[in-house]
Amino acid sequence: MPKPLIVITGASSGIGAATARLFSAEGHPLLLLARRLERLEALGLPDALCRKVDVTDRAAVEAAVREAEERYGPADLLVNNAGAMLLGRIADQPVDEWERMLDINVKGLLYATRAVLPAMVERGAGTIVNIGSVAGRKTFPNHAAYVGTKFAVHSMSENLREEVAATGVRVVTVAPGAVETELLSHTSDERIKSDYQAWKESAGGALDPDEVAAAIAYAYGRPRNVTVREIVLAATGQEA
Ligand code: NDP
């Protein structure tokens with residue numbers, strides 16, 4: 001029996017790439033989306049349609065999902081993972097950094113959800129995993145705009161779960177603490193970046209992205225009548 005299609009946004013690095021490798025090893029065909037096409041292709045995964053798509057481009061997200069569904073059948077799992085963390089203080093952070101985070105982390109997540117959800121509801125089956133954060137549950141220094149986007153992910157995710165529960169579609173929030181990925185590298189304030197790095201090291205290091213992928217696979221692998229609503233995981237040494 002062929003395995004169903006899995007769609008992963010932000011699959012070119014970090015958690016998304018680890019998740020793509022894991023589900024590929026389980027035999028799933030994949031749609032992998034990110035702006036760096038060469039990094040998607042470098043994963044070298046079989047039955048993986050790689051498309052250069054910016055999740056803030058709703059039409060491009062929709063077109064890629066339709067193309068993948070024509071090739072591999074309906075999407076059974078969407079992992080809404082693409083995200084940006086641009087740390088800064090509200091008094092002096094460049095405003096375009098807030099806008100980028102809101103566009104990618106909030107609107108991009110909604111666009112990808114809309115591309116798969118109506119057909120899932122119609123079939124009465126499907127799973128959406130939204131990658132939130134411990135920063136979607138509590139605040140951290142220099143994180144104000146970022147936590148705003150991640151609190152939004154948590155609240156939208158839980159509200160969507162309620163909205164579609166009776167249809168058989170599952171909605172899961174996976175909230176990691178610090179993970180060793182490229183996420184921090186995009187913060188423009190060097191001082192904030194080095195403070196965060198020092199904080200990570202003082203906690204004994206961050207999670208391996210494979211651990212987050214395993215949590216996603218755990219939730220997806222439960223029987224269809226079980227929804228793991230939320231998984232929060234962090235390195236043992238991370239206090240906050
Ligand atoms: P990475 O920076 O390694 O990965 C981010 C991914 O998102 C990349 O594949 C990137 O691809 C993609 N992406 C960014 N912007 C866009 C865009 N506009 N369109 C399409 N894809 C985009 O970081 P992580 O793996 O850590 O991040 C993944 C998710 O995990 C994020 O939502 C993040 O908030 C969350 N998270 C991370 C934590 C951590 O400590 N690392 C902790 C808690 C949550 P490309 O640049 O090629 O487009």
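Atoms within a ligand are numbered from 1 in the order they appear, just like the ligands themselves.
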- Flag the pair S13 / T181 as yes when at least one side-chain heavy-atom distance between them is below 4.5 Å, and no otherwise.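 Result no, sub-4.5 Å side-chain heavy-atom pair not found.
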- Note, L22 side chain near D210 side chain (heavy atom, < 4.5 Å):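 No; the side chains remain at least 4.5 Å from each other.
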- Message: Looking only at the aromatic ring of each residue, does the gap between the centers of F140 and Y196 stay below 6.0 angstrom?
- Response: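 Centroid separation for Y196 and F140: 6.0 Å or greater.
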- Query: Does any N or O atom in S133 lie less than 3.5 angstrom from one in ligand 1, N or O only?
  - Reply: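 So ligand 1 has no N or O lying under 3.5 Å from an N or O of S133.
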Straight-line distance of [X] [atom1] to [Y] [atom2], nearest 0.5 Å:
X	Y	atom1	atom2	value
D92	D189	CG	CG	7.0 Å
L86	K193	CG	NZ	10.0 Å
M85	N105	CE	CG	10.5 Å

- Query: Among T19, T9, V55, whose heavy atom sits nearest atom 19 (N) of ligand 1?
  - Reply: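 It is V55 whose heavy atom sits nearest to atom 19 (N) of ligand 1.
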- Query: So between G14, G83, G136, whose heavy atom ends up nearest atom 7 (O) of ligand 1?
  - Reply: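 Among G14, G83, G136, the closest heavy atom to atom 7 (O) of ligand 1 belongs to G83.
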Would you say [X] contacts ligand 1, with heavy atoms under 4.0 Å as the rule?
X	answer
L33	no
P176	yes
G177	yes
A11	yes
K150	yes

- Evaluate the criterion side-chain hydrogen bond (donor to acceptor under 3.5 Å, both in side chains) for residue pair S12 and R39; output intermediate values, then yes/no. CA-CA 5 Å; S12 60; R39 294 276 297 260; 5.7 Å; no
Counting from 1, what ligand 1 atoms have a heavy atom of [X] closer than 4.0 Å?
X	answer
G132	43 (C), 44 (C)
A178	40 (O)
E182	2 (O), 3 (O)
I104	15 (N), 18 (N)

- Any Lys/Arg nitrogen of D76 or R224 sitting under 4.0 Å from an Asp/Glu carboxylate oxygen of the other?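 R224 and D76: salt-bridged.
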- Under 4.0 Å between a Lys/Arg side-chain N and an Asp/Glu carboxylate O for R229 and E162?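 Between E162 and R229 there is no salt bridge, as every charged N stays at least 4.0 Å from the carboxylate O atoms.
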- Message: Around atom CD of E239, are there more than 12 heavy atoms from other residues, nucleotides or ligands closer than 6.0 Å?
- Response: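 Check fails, neighbour count at 12 or below.
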- Message: Can you confirm whether the side chains of T19 and N81 place a donor and an acceptor under 3.5 Å from each other?
- Response: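 Not at all, the side chains of T19 and N81 share no donor-acceptor pair under 3.5 Å.
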- Message: Is it the case that the side chains of T173 and E158 hold a donor-acceptor pair, with the cut-off being a distance below 3.5 Å and no angle test?
- Response: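 Note: E158 and T173 side chains miss the donor-acceptor criterion.
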Give the residue and atom name of whichever protein heavy atom lies nearest to [atom], and the separation in Å to one decimal.
atom	answer
atom 11 (O) of ligand 1	S12 OG, 2.8 Å
atom 12 (C) of ligand 1	G10 CA, 3.5 Å
atom 21 (N) of ligand 1	A82 CB, 3.6 Å
atom 4 (O) of ligand 1	S13 OG, 3.1 Å
atom 28 (C) of ligand 1	N81 OD1, 3.0 Å
atom 35 (C) of ligand 1	I131 CG2, 3.8 Å
atom 24 (P) of ligand 1	T181 OG1, 3.4 Å
atom 20 (C) of ligand 1	V53 O, 3.4 Å

- Item | Y111 and ligand 1 - part of the residue with a heavy-atom distance under 4.0 Å |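 Neither; no heavy atom under 4.0 Å.
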- Message: Could you report the tightest heavy-atom contact between V7 and A75, atom names first, then the distance?
- Response: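 Minimum heavy-atom contact is CG2-CB, 3.9 Å.
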